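Take a look at the structure below.
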Amino acid sequence: MAATFEWHVEFLQTDPIDDNYIKFITCGIYGTENGVTKKTMWKVPFSGQKSDIPVEDWTSYADLMEGPGEATLIEWCKTALGDKRVAELEDAVQGYINIHVDPNLTPPKHFEVPAKFSSKPAVTPNLTNKL
């Protein structure tokens, strides 16, 4: 039995200066089979600006944020990705389900921290959210 897939909008990145023109949509691709649900995410870029879209094709940001707007956004994402990439993403989710269901697909792991390696440098934290 193959999984059934659902696509959902997880995040949007818009340009507030350009009437909230959508720059990126991050999609969640969910697959469910026999009570097991797994997901992956993919960020879909949209280049250009609002003025590149004919007026009759423009959909307002407010309309897209209503219930049926998600289906429109997902349709745009799938069109931008193409059938091949959509199938690859759904196949990846199917693989996650298969790994969950069949423990033979997950090899045993061995974790070890080598004691004689050189020490790592300290990473300087970002100051982006400090006042």
Side-chain angles (χ1 to χ4, degrees):
M1 176 182 205
T4 56
F5 298 98
E6 292 182 22
W7 287 59
H8 293 278
V9 173
E10 301 285 334
F11 310 105
L12 291 173
Q13 180 181 342
T14 64
D15 183 351
I17 297 169
D18 194 15
D19 199 18
N20 285 319
Y21 180 82
I22 296 171
K23 301 305 263 181
F24 295 97
I25 300 173
T26 301
C27 297
I29 301 99
Y30 295 79
T32 302
E33 182 178 346
N34 295 327
V36 175
T37 300
K38 296 292 180 179
K39 101 177 202 189
T40 193
M41 294 194 338
W42 198 261
K43 186 175 182 179
V44 183
F46 293 92
S47 59
Q49 54 194 14
K50 180 181 176 183
S51 62
D52 296 336
I53 299 172
V55 173
E56 61 275 6
D57 293 338
W58 178 253
T59 304
S60 77
Y61 182 78
D63 289 343
L64 291 170
M65 294 302 102
E66 296 297 323
E70 183 178 32
T72 300
L73 295 168
I74 293 300
E75 179 185 331
W76 292 351
C77 290
K78 286 183 171 183
T79 299
L81 292 170
D83 292 340
K84 182 176 185 252
R85 176 65 68 186
V86 167
E88 290 169 345
L89 291 167
E90 290 180 351
D91 190 50
V93 176
Q94 180 69 62
Y96 298 149
I97 293 169
N98 295 346
I99 289 168
H100 180 89
V101 173
D102 185 352
N104 293 323
L105 295 174
T106 306
K109 296 179 179 91
H110 173 75
F111 295 104
E112 180 179 344
V113 178
K116 296 185 181 185
F117 283 6
S118 61
S119 59
K120 299 176 184 106
V123 176
T124 304
N126 293 333
L127 301 175
T128 55
N129 290 328
K130 293 189 176 185
L131 297 175

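All values derive from a computational prediction rather than experimental measurement.
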- Query: Is there side-chain contact between V36 and T32, with heavy atoms separated by less than 4.5 Å?
  - Reply: no
- For the side chain of N20 and the backbone of T14, is there at least one donor-acceptor N/O pair under 3.5 Å apart? no
- Message: Under a 3.5 Å distance rule, please check whether E6 uses its side chain to pair with a backbone N or O of G31 as donor and acceptor.
- Response: no
- Give the intermediate values and the outcome of side-chain contact (heavy atoms from CB on, under 4.5 Å) for residues N34 and I97. CA-CA 10 Å; N34 295 327; I97 293 169; over 6 Å; no
- Nearest 0.5 Å please: distance from the CD atom of Q94 over to the CD1 atom of I29. 14.0 Å
- Does any N or O in the side chain of Y21 come within less than 3.5 Å of the main-chain N or O of S47, such that one atom is a donor and the other an acceptor? yes
- Message: Walk me through whether E10 and K43 qualify under salt bridge (Lys or Arg N to Asp or Glu O under 4.0 Å).
- Response: CA-CA 9 Å; E10 301 285 334; K43 186 175 182 179; over 6 Å; no
- Note on the structure: d(Y96 OH, I99 CD1) to nearest 0.5 Å is 8.0 Å
- Candidate pair L81 and W42, rule side-chain contact (heavy atoms from CB on, under 4.5 Å), full reasoning: CA-CA 10 Å; L81 292 170; W42 198 261; 3.6 Å; yes
- Query: What residues form a side-chain hydrogen bond (donor to acceptor under 3.5 Å, both in side chains) with D63, not counting sequence neighbours?
  - Reply: S60
- For D18 and K50, run salt bridge (Lys or Arg N to Asp or Glu O under 4.0 Å): C-alpha distance rounded to whole Å, both residues' side-chain angles, the deciding distance at 0.1 Å, then the answer. CA-CA 6 Å; D18 194 15; K50 180 181 176 183; over 6 Å; no
- Query: Do side-chain atoms of K23 reach the backbone of L12 as a donor and acceptor pair under 3.5 angstrom?
  - Reply: no
Side-chain donor-acceptor pairs under 3.5 Å in residues 65-77, sequence neighbours left out?
{"from": "E70", "atom 1": "OE2", "to": "H8", "atom 2": "ND1", "distance (Å)": "3.4"}
{"from": "E70", "atom 1": "OE2", "to": "V9", "atom 2": "N", "distance (Å)": "2.8"}

Atom pairs and distances, side-chain donor-acceptor, residues 84-91, under 3.5 Å, sequence neighbours left out:
{"from": "K84", "atom 1": "NZ", "to": "E88", "atom 2": "OE2", "distance (Å)": "3.3"}
{"from": "R85", "atom 1": "NH1", "to": "E88", "atom 2": "OE1", "distance (Å)": "3.2"}
{"from": "E90", "atom 1": "OE2", "to": "W7", "atom 2": "NE1", "distance (Å)": "2.9"}

- Item | Distance, nearest 0.5 Å, that separates CG of N104 from CG of D102 | 4.5 Å
- One should read off an interatomic distance between I53 CD1 and T59 OG1, to the nearest 0.5 angstrom, of 8.0 Å
- Query: If you round to the nearest 0.5 Å, how far is OG1 of T26 from CD of Q13?
  - Reply: 8.0 Å
- Does the pair V93 and F5 meet the rule for a side-chain contact (heavy atoms from CB on, under 4.5 Å), with working shown? CA-CA 9 Å; V93 176; F5 298 98; 4.0 Å; yes
- Task: Taking the side chain as every heavy atom from C-beta outward, state whether F11 and I25 have any atom pair closer than 4.5 Å.
- Result: no
- Query: Does atom CG of D52 have more than 12 heavy-atom neighbours, drawn from other residues, nucleotides or ligands, at distances under 6.0 Å?
  - Reply: yes
